[in-house]
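What follows is a single structure, written as structure tokens, with notes after it.
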Amino acid sequence: MGRIVLENVTKSFGDAQVIPPLDLAIEDGEFAVFVGPSGCGKSTLLRLIAGLEETTSGKIQIDGEDATQVPPSKRGLAMVFQSYALYPHMTVRKNIAFPLRMAKMDQAEIDKKVEGAAKILNLVDYLEQKPGQLSGGQRQRVAIGRAIVREPAAFLFDEPLSNLDAALRVGMRLEISELHNRLNTTMIYVTHDQVEAMTMADKIVVLRAGNIEQVGSPLDLYHTPRNVFVAGFIGSPKMNIIDGPEAEKLGATSIGFRPEHTDVSTTEGKWKGRVGVAEHLGSDTFIHVHDTGLADMITVRIAGDIAVTHGDDIYLTPQMDKLHKFGADGLRMA
Amino acid sequence: MAIVATSTKFSIYGRPVLAWIVGLIFFFPIFWLVLTSFKTDADAVKPEFLIFFTPTLDNYLNMTENYDYWRFATNSVITSVFATVFALAVGIPCAYAMAFNPSRATKDVLMWMLSTKMLPAAAVLYPMTFLTKSLGLFDTHFMVIVVLMLINLPIVVWMLFTYFKEIPKDIIEAGQMDGVNTWGEVKEILIPLAWGGIASTALLCFIFCWNEAYWTVRLTTTEAATLSKLIEGNRAPEGLFFGRLSAVSAAAVGPIIVLGWFCQKQLVQGLTFGAVK
Ligand SMILES: Nc1ncnc2c1ncn2[C@@H]1O[C@H](COP(=O)(O)OP(=O)(O)O)[C@@H](O)[C@H]1O
Ligand SMILES: [Mg+2]
């Protein structure tokens with residue numbers, strides 16, 4: 001249904017090459033997430049797949065057929081935009097029905113599908129309203145409704161939740177994941193938020209400056225980041241990465257250990273430091289440690305509570321079996 | 001504090017007064033025109049009848065009976081309407097292409113279009129007369145429509161371009177993803193969304209066509225002659241027929257003033273390129 005393959009795809013705007021040669025395959029039914037810092041080319045890559053940007057070179061295949069020159073309207077993909085991009089002059093019902101009307105489906109069939117989508121998305125009471133009268137979350141649902149009614153080969157999402165407030169974002173995240181489970185259609189989802197990537201993806205594609213840094217399942221990336229960039233980008237709070245003598249002792253240029261993979265004691269341990277800020281969340285405690293002589297700040301995460309406050313001495317011991325070692329080229333050492 | 005206080009006082013009393021003064025100054029010629037149109041030609045030049053005189057409808061009756069006002073008026077309507085329709089038919093696709101698929105040359109093309117308005121019309125008077133006469137188009141509706149359309153096209157494209165620019169590109173792209181072709185984008189999305197702007201543009205274009213005098217006077221004689229030509233025909237250098245001339249002028253500008261009155265909002269929006277919300 002929706003296998004998407006990119007071969008040697010590049011994209012330049014004028015002289016600036018935003019996407020260097022890139023190969024990528026997204027399997028049918030997969031939930032793929034493109035994640036990376038802002039400006040790294042995620043949207044551009046998604047728009048290349050959508051057909052909204054022309055490739056500078058390379059090939060894009062959808063379901064085994066070369067779609068490189070096919071216009072967006074003929075690719076059979078649906079897209080949900082960050083701005084929702086609803087048609088402001090149409091009611092919710094007309095918005096959702098629009099792609100079906102364009103496909104010349106008969107009215108009875110259209111009505112049935114629109115009602116069905118509205119039910120799934122809790123929009124039944126809003127069908128006759130205009131987008132301007134809806135809240136952000138409802139607009140988002142309309143945009144999703146407009147995408148699902150056409151039963152596309154794949155869904156493309158460009159940071160669909162970034163305009164929503166935090167609480168709503170978590171809810172919508174779940175809804176989209178459930179939608180994927182129900183429809184089992186390929187979804188490509190762009191975000192700069194690694195939490196969204198980790199929670200939703202079957203496959204994460206980490207991008208930096210248009211380059212694919214790593215492709216893998218969320219846990220692959222968490223346990224075996226391919227390089228320093230991925231190590232620092234995936235996981236929250238961020239992995240501690242230190243250079244210098246401590247790393248050299250282990251034969252590496254830099255070593256990384258996650259906040260949750262560090263043992264903490266107030267009496268003894270490998271490295272001594274001083275507590276800066278301690279964040280007590282009840283379930284966990286995040287401690288930001290200074291003056292270790294390793295890095296400006298080391299963050300550790302302890303399950304449950306620990307009685308430390310600002311200025312206390314603290315001892316840290318990384319769990320050696322979960323330590324990551326990186327070479328001079330930034331790549332993971334075996 | 002003092003500045004705030006004075007500016008508040010000014011905005012309460014000063015601004016409306018100022019607006020009225022300016023309004024009256026602009027309105028005065030029209031008022032005078034209408035007033036004069038009810039005087040006889042003889043009364044019109046006599047100072048003692050400046051304000052108080054015996055009004056007469058003769059000028060108007062005379063005009064419709066002897067000067068064939070309705071034929072000129074019909075020509076004005078036909079040429080202005082068709083020129084506006086054609087200008088939009090060409091201008092909408094043009095502005096659409098430039099607003100949503102700009103190239104590096106788009107800015108230059110827009111400037112070039114505007115620059116054609118800087119050409120003095122008199123500079124092309126001879127070629128235009130020669131061309132229309134040798135093509136057998138002199139004094140035809142077709143020619144007047146084409147000329148009116150062409151001279152207004154730059155401003156039409158500019159206005160539409162600015163309106164289209166305000167439509168988020170995402171919405172057009174959403175349309176493409178939803179399977180519409182180019183014509184569908186224009187019909188289903190662009191025109192409904194830019195409806196206000198298109199109406200303002202059409203209105204302004206229509207008014208410019210209606211008021212155009214340089215070419216309509218010079219390239220027509222009777223068949224395709226518009227109201228501008230009628231006014232021109234009643235102009236006498238000695239100023240002996242002021243009453244008659246005023247009636248003709250009032251009857252020529254009347255329809256456009258009425259139209260303008262009903263479409264004030266659109267017009268203001270059009271003239272300020274949508275800057276007034
Ligand atoms: N239409 C365009 N013209 C020129 N440069 C562009 C265009 N679109 C994107 N870019 C550039 O390409 C880079 C990647 O942009 P984008 O794909 O939007 O990043 P992301 O979505 O990851 O934040 C940025 O440096 C941006 O400035
Ligand atoms: Mg983006």
Side-chain angles (χ1 to χ4, degrees), chain A residues 13-15 43 46-47 49-54 70-91 94-105 130-132 139 142-160 163, chain B residues 88 92-93 95-110 159-202 265-266 269-270 274 276-277:
Chain A
F13 292 108
D15 294 334
S43 296
L46 194 74
R47 292 166 56 82
I49 295 171
L52 295 171
E53 301 282 356
E54 277 177 46
V70 178
S73 56
K74 299 261 155 60
R75 290 196 186 189
L77 308 175
M79 183 149 168
V80 175
F81 292 79
Q82 181 172 1
S83 61
Y84 317 136
L86 300 177
Y87 309 119
H89 57 298
M90 299 181 196
T91 59
K94 292 212 166 121
N95 262 282
I96 299 177
F98 188 75
L100 304 179
R101 189 157 65 80
M102 291 303 109
K104 307 227 158 48
M105 192 178 276
K130 292 266 178 75
R139 286 182 208 185
V142 177
I144 293 173
R146 190 172 64 180
I148 61 176
V149 284
R150 340 173 11 200
E151 297 171 10
F155 292 93
L156 312 178
F157 294 91
D158 192 352
E159 310 220 10
N163 287 343
Chain B
L88 288 179
I92 288 175
Y96 167 74
M98 289 196 293
F100 294 107
N101 297 296
S103 75
R104 250 170 285 187
T106 299
K107 279 258 136 61
D108 299 328
V109 171
L110 277 166
M159 282 183 68
L160 291 174
F161 176 79
T162 24
Y163 287 119
F164 292 174
K165 266 282 180 218
E166 285 180 14
I167 298 175
K169 194 170 184 212
D170 278 0
I171 294 183
I172 301 286
E173 289 178 341
Q176 293 175 358
M177 295 305 295
D178 283 345
V180 298
N181 53 22
T182 307
W183 168 236
E185 281 166 41
V186 171
K187 183 168 125 297
E188 302 283 348
I189 301 171
L190 185 75
I191 292 183
L193 278 183
W195 182 242
I198 292 172
S200 308
T201 309
K265 220 173 99 186
Q266 247 73 33
Q269 213 177 61
V276 174
K277 286 272 140 91

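Both backbone and side-chain heavy atoms feed into the values below; hydrogens, waters and symmetry mates do not.
Proximity to chain B is limited to the backbone of A:A78, based on heavy atoms less than 4.5 angstrom apart. Only the side chain of A:R101 has a heavy atom closer than 4.5 Å to any heavy atom of chain B. For a residue to count as touching a neighbouring chain, one of its non-hydrogen atoms must lie under 4.5 Å from one of that chain's; by this rule A:L100 does not touch chain B.
When every heavy atom of A:P88 is checked against every heavy atom of B:L193, the shortest pair comes out as CG-CD2, 3.3 Å. The minimum heavy-atom distance linking A:S73 with B:G179 is given by the pair CB-CA, 3.6 Å. Pairing each heavy atom of A:A85 with each of B:A174, the nearest pair is O-CB, 3.7 Å.
Using a 4.5 Å heavy-atom cutoff, the side chains of A:P71 and B:N181 are not in contact.
A donor-acceptor pair under 3.5 Å links the side-chain atoms of A:H89 to the main chain of B:E188, judged by distance alone.
Distance check, rounded to the nearest 0.5 Å: CD of B:E173 to CZ of A:R47 gives 4.0 Å. Here B:M177 contributes atom CE and A:R150 contributes atom CZ; the two are 6.5 Å apart, rounded to the nearest 0.5 Å. From A:L52, atom CG reaches atom CG of B:D170 across 9.0 Å, with rounding to the nearest 0.5 Å. A:Y84 contributes atom OH, which lies 13.0 Å from atom CD1 of B:I171 (distance to the nearest 0.5 angstrom).
Heavy-atom neighbours of B:K169 NZ from other residues, nucleotides or ligands within 6.0 Å: above the threshold of 12.
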